[in-house]
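Here the structure is laid out as structure tokens; the discussion comes afterwards.
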Amino acid sequence: VNMASQDRREVLSKAATTMFDKVSKHIQGELYASTEDYKVLEKMNSITTDKFKELTEQAATINTEMGKLQAESSELIPALDQIDVLETSVEELLNTATLLDDYSKKIEAKYKEVIVARRS
């Protein structure tokens with residue numbers, strides 16, 4: 001009975017050792033998988049941070065350029081106003097020239113009438 005009891009103890013001891021080895025390997029596998037997940041997340045975070053920095057720089061550049069364009073646009077407003085005034089003046093001058101042309105044609109026609117009437 002002693003021998004059988006000792007054999008059982010050895011079998012149980014080997015089974016317990018095997019179980020602990022397998023549980024240990026399983027836990028190590030879980031830790032390894034968690035570590036790898038953490039590494040992937042760390043890489044993703046780093047890439048996202050770099051991309052965010054890049055986008056922030058691009059936004060700052062766009063903002064600066066927009067400011068420059070707004071300043072240039074503000075500088076052009078007086079020139080555009082002068083162009084509008086000049087355009088109005090040119091239209092008035094063209095209307096005056098048309099009136100003068102019509103008037104000179106009437107004077108020429110009258111002059112020709114007077115000349116023809118004197119000759120007759």
Side-chain angles (χ1 to χ4, degrees):
V1 174
N2 250 344
M3 193 68 133
S5 178
Q6 193 169 345
D7 286 343
R8 269 192 248 156
R9 282 185 197 157
E10 285 180 22
V11 168
L12 284 174
S13 178
K14 285 182 183 179
T17 302
T18 302
M19 179 188 74
F20 284 125
D21 285 344
K22 289 184 178 183
V23 168
S24 174
K25 286 179 183 177
H26 177 74
I27 291 172
Q28 286 176 350
E30 289 292 321
L31 289 174
Y32 178 78
S34 294
T35 302
E36 290 302 308
D37 287 347
Y38 177 77
K39 287 178 183 177
V40 168
L41 287 173
E42 198 173 46
K43 285 180 184 178
M44 288 172 57
N45 188 34
S46 176
I47 290 169
T48 302
T49 300
D50 292 344
K51 188 66 174 176
F52 184 75
K53 285 178 184 177
E54 180 184 326
L55 291 174
T56 301
E57 290 171 4
Q58 288 176 353
T61 301
I62 289 170
N63 192 32
T64 301
E65 293 301 317
M66 286 294 293
K68 288 177 185 177
L69 288 173
Q70 286 175 336
E72 290 174 7
S73 175
S74 295
E75 291 173 6
L76 289 176
I77 289 174
L80 293 173
D81 290 342
Q82 287 178 344
I83 289 171
D84 288 341
V85 169
L86 185 61
E87 182 181 14
T88 301
S89 296
V90 168
E91 287 175 9
E92 290 173 1
L93 186 60
L94 181 61
N95 290 337
T96 303
T98 302
L99 289 173
L100 281 173
D101 188 47
D102 292 343
Y103 185 69
S104 68
K105 288 178 184 176
K106 288 179 184 177
I107 291 175
E108 185 180 357
K110 284 277 188 193
Y111 178 76
K112 287 181 181 179
E113 281 180 31
V114 170
I115 298 289
V116 170
R118 279 192 174 171
R119 288 189 184 164
S120 323

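None of the values given here were measured: they were computed from a predicted structure.
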message = Any non-hydrogen side-chain atom of Ser5 less than 4.5 Å from a side-chain atom of Arg9?
response =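 The answer is yes, as the side chains (C-beta and beyond) meet within the 4.5 Å cut-off.
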task = Applying side-chain contact (heavy atoms from CB on, under 4.5 Å), name anything that partners Lys43, two or more places apart in sequence or on another chain.
result =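 Residues passing side-chain contact (heavy atoms from CB on, under 4.5 Å) with Lys43: none at all.
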query = Quick one: side-chain contact (heavy atoms from CB on, under 4.5 Å) partners of Lys68, sequence neighbours excluded?
reply =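 Checked Lys68 against side-chain contact (heavy atoms from CB on, under 4.5 Å); matches are Thr64, Glu65.
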remark   = Students should find that the hydrophobic cluster of Ile107, defined by side-chain heavy atoms under 4.5 Å apart, otherwise consists of Tyr103
Residues clustering with Ile62 (ILVMFWY side chains joined when closer than 4.5 Å, directly or via others) =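 Traced through the cluster, Ile62 reaches Met66.
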Spacing of [X] atom [atom1] and [Y] atom [atom2] [to the nearest 0.5 Å]:
{"X": "Ser89", "Y": "Asp84", "atom1": "OG", "atom2": "CG", "result": "11.0 Å"}
{"X": "Leu86", "Y": "Glu91", "atom1": "CG", "atom2": "CD", "result": "10.5 Å"}
{"X": "Leu12", "Y": "Met19", "atom1": "CG", "atom2": "CE", "result": "10.5 Å"}
{"X": "Ser73", "Y": "Leu69", "atom1": "OG", "atom2": "CG", "result": "8.5 Å"}

task = Can you sort out the partners of Asp101 under side-chain hydrogen bond (donor to acceptor under 3.5 Å, both in side chains), two or more places apart, ordered by chain and number?
result = Lys105
ask   = Any sub-3.5 Å donor-acceptor pair from Thr98's side-chain atoms to Leu94's backbone N or O?
value = yes
message = Please identify which of these residues, Lys22, Gln28, Glu30, meets the side chain to side chain contact (heavy atoms under 4.5 Å, CB included) condition with His26.
response = Glu30
Please report, to 0.1 Å, the donor-acceptor pairs under 3.5 Å made by any side chain of residues 45-55, with sequence neighbours excluded.
unit_1 : atom_1 : unit_2 : atom_2 : d
Thr48  : OG1    : Met44  : O      : 2.8
Thr49  : OG1    : Asn45  : O      : 2.8

inquiry  = Check for me, please, whether Val90 and Leu100 land in the same ILVMFWY cluster - side-chain distances under 4.5 Å, paths through other members count.
reply    = no
ask   = Charged N to carboxylate O under 4.0 angstrom, Lys112 versus Glu108?
value = yes
